[in-house]
Every structure is written in C-alpha cells, then in structure tokens.
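Before any comments, here is the structure.
Just so you know, ligand 1 is whichever comes first in the structure, and atom 1 is the first atom listed for that ligand. Computed from a predicted model, the values in this text were never measured in an experiment.
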Amino acid sequence: MEGVIDAHTRDLLTRQPGFDWTVTEFVRVVDTRLPPRVFLKHCPELASAPQRLCTPSGVPVTLQLLGSHPAALAANARQALALGATSLDLNFGCPAKLVNRHDGGASLLRDPRRVRAAVAAVHDAVGDAIPVTAKIRLGFADRRLALACAMAAEQGGAQQLVVHGRTRNEGYRPPAHWEWIGRIRQRLSIPVVANGDIWTLEDYWKARTLSGCRDVMLGRGALADPWLAPRIRHWQLSGERLPDTTWESRATTLVDFAALQRSTLPAKVVTSLLKQWLNHMRARDPEAARRFESLKRITQLDELLDGLMAEQPAMPRAARLPA
Ligand SMILES: Cc1cc2nc3c(=O)[nH]c(=O)nc-3n(C[C@H](O)[C@H](O)[C@H](O)COP(=O)(O)O)c2cc1C
C-alpha cells in the first residue's frame, strides 16, 4: 500500500504465520525505463534477493507496476526481472485523482482492451520466466465492465486476479461487494482473490462465503489489527479463535516498527509514520483511539514511544486541568 506498507512493514507483518505473499507499493511507470534505484526504493528486498524475492521471514514479495503505456510497462517488467523480481503484479485499482488524470490505475478500467494490452505487454516481456498477476476494482464509475475487465486481464496472460470489491468512484467506502467478486470468479479460470473490507475473522468468513474465493487479500485490516492474518491462519489450521489483540501487542508492534524505520529514516519522519499507523488502528480499537487522541500532537519520537508504552495514556493537552 503506497506510503503505508513498505519493506519494514512487510517484514514486521510477516513475522507471524499468516500471509502467503505480499505486494510492494506500486512502481509508477510513465514512458521510460526506470533506473534500478527506483525499484530498489520500492522493493529493498531485491538487494538481498536469494532465489525467490521474499521478506526476511521467507514470505514471497511481488513487485507491483502501475502504468498504462504497454511498451513502457514491458521495458520496466524486463528491468524488474533483471533486478531479481520473481513475480509482477499490475495495478488497475488505484483511485488517486492525480494517478487517474495521468491515465494510470483504475482509469484503465474504462476500456477492457487497455487492461488486456497492458497485461499482455508485461506477460510477453517476461515470457514464462516469472508469473504476472493483476489487481482490479469492479469498475471506474459503475460495474458494467467489471467482468469484461477481469476477462481482459485473464486473456492478457494474468495468472491470478485480485478483485477489490468496489468501483473507483466508491473509493474506500463500505461495503465491498463480495458477491460481485463471486460473479467474476465463476467466469474466470485463473484464481480470483477477494479484497476489500476484511477487518475481522467474521469478515473473512463472510467474504469467502459470498465470493466463493479460496484466498483473500488484506489491506487496511492488517494495519488496524496486525494479528488479523495470524488469527485467520490459526483458525484455518485449528478451527479455533485466537483471543482479541491486546493494546500491549499493538504497542509492541508500533515500537518495533519505529526501531526498524529509525534504521533508515530521521526521527521526525518516523514520528509521522508511527502516528499514521496508530491512526489506522484507532478505528478498530478503543484503546488505540484514546492513545491517538492524547498523542497526536506530539512531535518528538521518544515522547511518542513513551506515550504508546505508558500504562495509562496522558490526557490530551486540551483536557488537562489548569495548574
Ligand atoms: C493508503 C493506501 C495506499 C494503497 N496503495 C496501494 C498500492 O500501492 N497498490 C495496491 O494494489 N493497492 C493499494 N491500496 C489498496 C489496498 O491494497 C486495498 O486494495 C484496498 O484498501 C481495499 O482493501 P481494504 O478494504 O482491506 O483496505 C492502497 C490503499 C490505501 C488505503
């Protein structure tokens, strides 16, 4: 997830069993072949790639490209392959206005022929060397072309399709239409993965039931609850439910995250990233919400870390009694 899930986050989230694979933030392709440093920035795992690109815990990492120009996508796919990518994903889901205005992400869903051309260009560029997959939404403004776009991705050579169950215009507003993902799954012969609004184990069950998909992709849910993927995996293996995630384990994840980020970034940036993750947690956890309220104006990393680990959060400044 762009600006949110980087290599350090992938590392942390895959330390417990749960994820089968992960995807990088998208590499934006315009009209030229990008230099290696751009790929390494989005996917530092390339620098230590063994046989298969993966997180330190061994969970495969797929490199994602976002673009619309088939020749440029092909050139960058070859570049990625040369640098050690072991699978490539194409993003047709990004709803950002800037990206769509420049003819990228979900804007291609207005014309399935363009989806097919983009996937085919990348597929032809890498041949059978590595798999190519794609990610779509249900459409741009409406769902009329949902199936046509999914089939176009398959015809272009995608070996798997993730479907985010909303149109571009629906943004991230609930609900995700899992039953629509099921309609697509029934018509495709490649594996279809359901994505959107999976925040809990119950959502996972419902998404699987309504879509009929064997696999799901977690987005914001994995940030809101870093134990969601392990909880799903535990249930798959044992039929039992792990206890709810405590604030202490969320705080530990955040502190570990800060330590990893601090190895490459200045304290000020790490402070912002920590607040960003806490913000993702707060919608799903009352204690995270309380901590966010009391800590959101802190600018010093050490003070923020103390506030996360404190037994009781400090009161927000506005709520403090006058001396
Ligand atoms: C801040 C943000 C950045 C994202 N960046 C990417 C990205 O780089 N590539 C991608 O395929 N999806 C990206 N997504 C979309 C998510 O992967 C996912 O498809 C979407 O959030 C729906 O799933 P969710 O409801 O579980 O979050 C992003 C979403 C958000 C909120």
(request) Tell me, please, whether Phe257 has Arg250 positioned over its six-membered ring: NZ or CZ under 6.0 Å from the ring centre and within 45 degrees of its axis? (result) no
(message) On the six-membered ring of Trp180, is Arg183 placed so that its NZ or CZ lies under 6.0 angstrom from the centre and within 45° of the ring axis?
(response) yes
Specify side chain, backbone, both or neither for [X], according to which of its non-hydrogen atoms lie closer than 4.0 Å to ligand 1.
{"X": "Arg220", "result": "both"}
{"X": "Tyr172", "result": "side chain"}
{"X": "Glu2", "result": "both"}

(message) Please give me the minimum heavy-atom distance between Phe19 and Ala229, naming the atom from each residue.
(response) CE1-CB, 3.5 Å
(message) Consider side chain to side chain donor-acceptor pair (under 3.5 Å). Of Arg291, Arg290, Lys296, which one does Glu293 pass it with?
(response) Lys296
Tell me the protein heavy atom at minimum distance from [atom], and give that distance in Å.
{"atom": "atom 9 (N) of ligand 1", "result": "Gln64 OE1, 2.7 Å"}
{"atom": "atom 30 (C) of ligand 1", "result": "Met1 CE, 3.5 Å"}
{"atom": "atom 1 (C) of ligand 1", "result": "Val4 CG2, 3.5 Å"}
{"atom": "atom 12 (N) of ligand 1", "result": "Lys135 NZ, 2.9 Å"}

(message) Ignoring hydrogens and geometry beyond distance, is a side-chain donor-acceptor pair present between Ser249 and Thr246 at under 3.5 Å?
(response) yes
(request) Could you tell me whether Gln155 atom CD has more than 12 heavy atoms of other residues or ligands within 6.0 Å of it? (result) yes
(request) Just jot down the ligand 1 atoms closer than 4.0 angstrom to any heavy atom of Asp197, in number order. (result) 24 (P), 25 (O), 26 (O)
(message) So if I count the atoms of ligand 1 from 1 in the order they appear, which ones are less than 4.0 Å from some heavy atom of Phe26?
(response) 7 (C), 8 (O)
(message) Any atom of ligand 1 sitting under 4.0 Å from a heavy atom of Gly3?
(response) no
(message) Check for me whether Arg166 has a heavy atom closer than 4.0 Å to any atom of ligand 1.
(response) yes
Test of proximity, [X] against ligand 1: N or O pairs below 3.5 Å:
{"X": "Gly219", "value": "yes"}
{"X": "Asn195", "value": "yes"}
{"X": "Trp199", "value": "no"}
{"X": "Glu25", "value": "no"}

(request) For the pair Arg284 and Asp225, find out whether any cationic side-chain nitrogen is under 4.0 Å from an anionic carboxylate oxygen. (result) no
(message) What I want to find out is whether Asp197 reaches Arg166 closely enough, with some N-O distance under 4.0 Å, to be called a salt bridge.
(response) yes
(message) Please check this pair: side chain of Asn76 against backbone of Ala72, looking for a donor-acceptor N/O pair closer than 3.5 Å.
(response) yes
(message) Treating Gln276 as the side-chain partner and Gly3 as the backbone partner, does any N or O pair qualify as donor plus acceptor under 3.5 Å?
(response) yes
